Amino acid sequence: MTSSELWTRATADRYDAEEGERSSAAVLGPTLDFLADLAGDGRALEFAIGTGRVGVPLRERGVPVVGIELSEHMAAVLRRKIDEDRLPVTIGDMATTVVPGRFTLVYLVYNTITNLLTQDEQVECFRNAARHLAPGGRFVIELGVPPLRFLPPGQIAVPFDVSERHLGFDTFDLVEQILVSHHFTRDAEDGRYRRGASRHRYAWPAELDLMARIAGLERERRVADWDGTPFTEDSAQHISVWRKPA
Ligand SMILES: C[S@@+](CC[C@H](N)C(=O)[O-])C[C@H]1O[C@@H](n2cnc3c(N)ncnc32)[C@H](O)[C@@H]1O
């Protein structure tokens, strides 16, 4: 039983249009280069593959990709793009679901480790990645740094997007390490705003390193983006790579 919220059909149907920028060549190009390089001649497993924003083009580059995804609705959108033989997807929880074979790369992008709402489940997710890796294989996570430097005492929310189409802000439970992202998204046709919210368990880079260590993985690299920009105290996100000892 997972703590993750289930992504609905309505969310799945909107996802690709709303994530158009993240699916652009400018964003995906460096992402795919980074992942394809780590996969080498082996196979890749994407945890929480969603509609295949990353997995489908990675497969099209020649990397054999397999996915695990909790939401049948998200997987159904992926299935409209590519058939089961070319990209198999198992419906299940990325913290516990086991698929056949060993992989040179397991990856979990777009902040999705935070969809597991407890520390125990996040540790299990690292363990599950390690379980699927061949010796010498890598686990990659893309994750935002918790934006707590923008939350002085007395302030209740941190805005992360104020644009024509979308207003977004985060609120925090600092004791339980839970962040709620609130979204007001303007409908292109009728101009009305749709409200949505999602819960996340945020985690610091050092906490992830400890989870990796518990899972028997060693940190190999941490950069600020897919282009390999050095990670600093001002970085808003990180791409982290842990390796299973050979
Ligand atoms: C932000 S989307 C990312 C989808 C895709 N990886 C991408 O980059 O576009 C988050 C995805 O995680 C899935 N998800 C959430 N919790 C999950 C879990 N415990 N196990 C597997 N998938 C999960 C959701 O259903 C959704 O498809």
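For clarity, every value in this text was computed on a predicted model and none was experimentally measured. Every number for a ligand or one of its atoms is a count from 1 in the order of the listing.
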For the residue pair Phe126 and Trp242, does the interplanar ring angle fall in the parallel (under 30°), tilted (30 to 60°) or perpendicular (over 60°) class? perpendicular
Is the Trp226 ring parallel, tilted or perpendicular to the Phe34 ring (thresholds 30°, 60°)?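 Trp226 and Phe34: perpendicular rings.
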Is the shortest distance from a Lys or Arg side-chain nitrogen in Glu207 or Arg201 to a carboxylate oxygen in the other one below 4.0 Å?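 Answer for the salt bridge query: yes.
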Compute whether any side-chain donor of one residue and acceptor of the other, for [X] and [Y], lie under 3.5 angstrom apart.
X: His73; Y: Ser71; value: no
X: Thr229; Y: Asp225; value: yes
X: Arg53; Y: Ser23; value: no

Give a table of atom pairs where an N or O of ligand 1 lies under 3.5 Å from a protein N or O.
{"from": "ligand 1", "atom 1": "6 (N)", "to": "Glu46", "atom 2": "OE2", "distance (Å)": "2.8"}
{"from": "ligand 1", "atom 1": "6 (N)", "to": "Ala48", "atom 2": "O", "distance (Å)": "2.7"}
{"from": "ligand 1", "atom 1": "8 (O)", "to": "Arg53", "atom 2": "NE", "distance (Å)": "3.3"}
{"from": "ligand 1", "atom 1": "8 (O)", "to": "Arg53", "atom 2": "NH2", "distance (Å)": "2.8"}
{"from": "ligand 1", "atom 1": "9 (O)", "to": "Tyr15", "atom 2": "OH", "distance (Å)": "2.6"}
{"from": "ligand 1", "atom 1": "9 (O)", "to": "Arg53", "atom 2": "NE", "distance (Å)": "2.8"}
{"from": "ligand 1", "atom 1": "16 (N)", "to": "Ser4", "atom 2": "OG", "distance (Å)": "3.0"}
{"from": "ligand 1", "atom 1": "19 (N)", "to": "Ser4", "atom 2": "OG", "distance (Å)": "3.0"}
{"from": "ligand 1", "atom 1": "19 (N)", "to": "Asp93", "atom 2": "OD1", "distance (Å)": "2.8"}
{"from": "ligand 1", "atom 1": "20 (N)", "to": "Met94", "atom 2": "N", "distance (Å)": "2.9"}
{"from": "ligand 1", "atom 1": "22 (N)", "to": "Leu70", "atom 2": "N", "distance (Å)": "3.2"}
{"from": "ligand 1", "atom 1": "25 (O)", "to": "Glu69", "atom 2": "OE2", "distance (Å)": "2.5"}
{"from": "ligand 1", "atom 1": "27 (O)", "to": "Glu69", "atom 2": "OE1", "distance (Å)": "2.9"}
{"from": "ligand 1", "atom 1": "27 (O)", "to": "Glu69", "atom 2": "OE2", "distance (Å)": "3.1"}

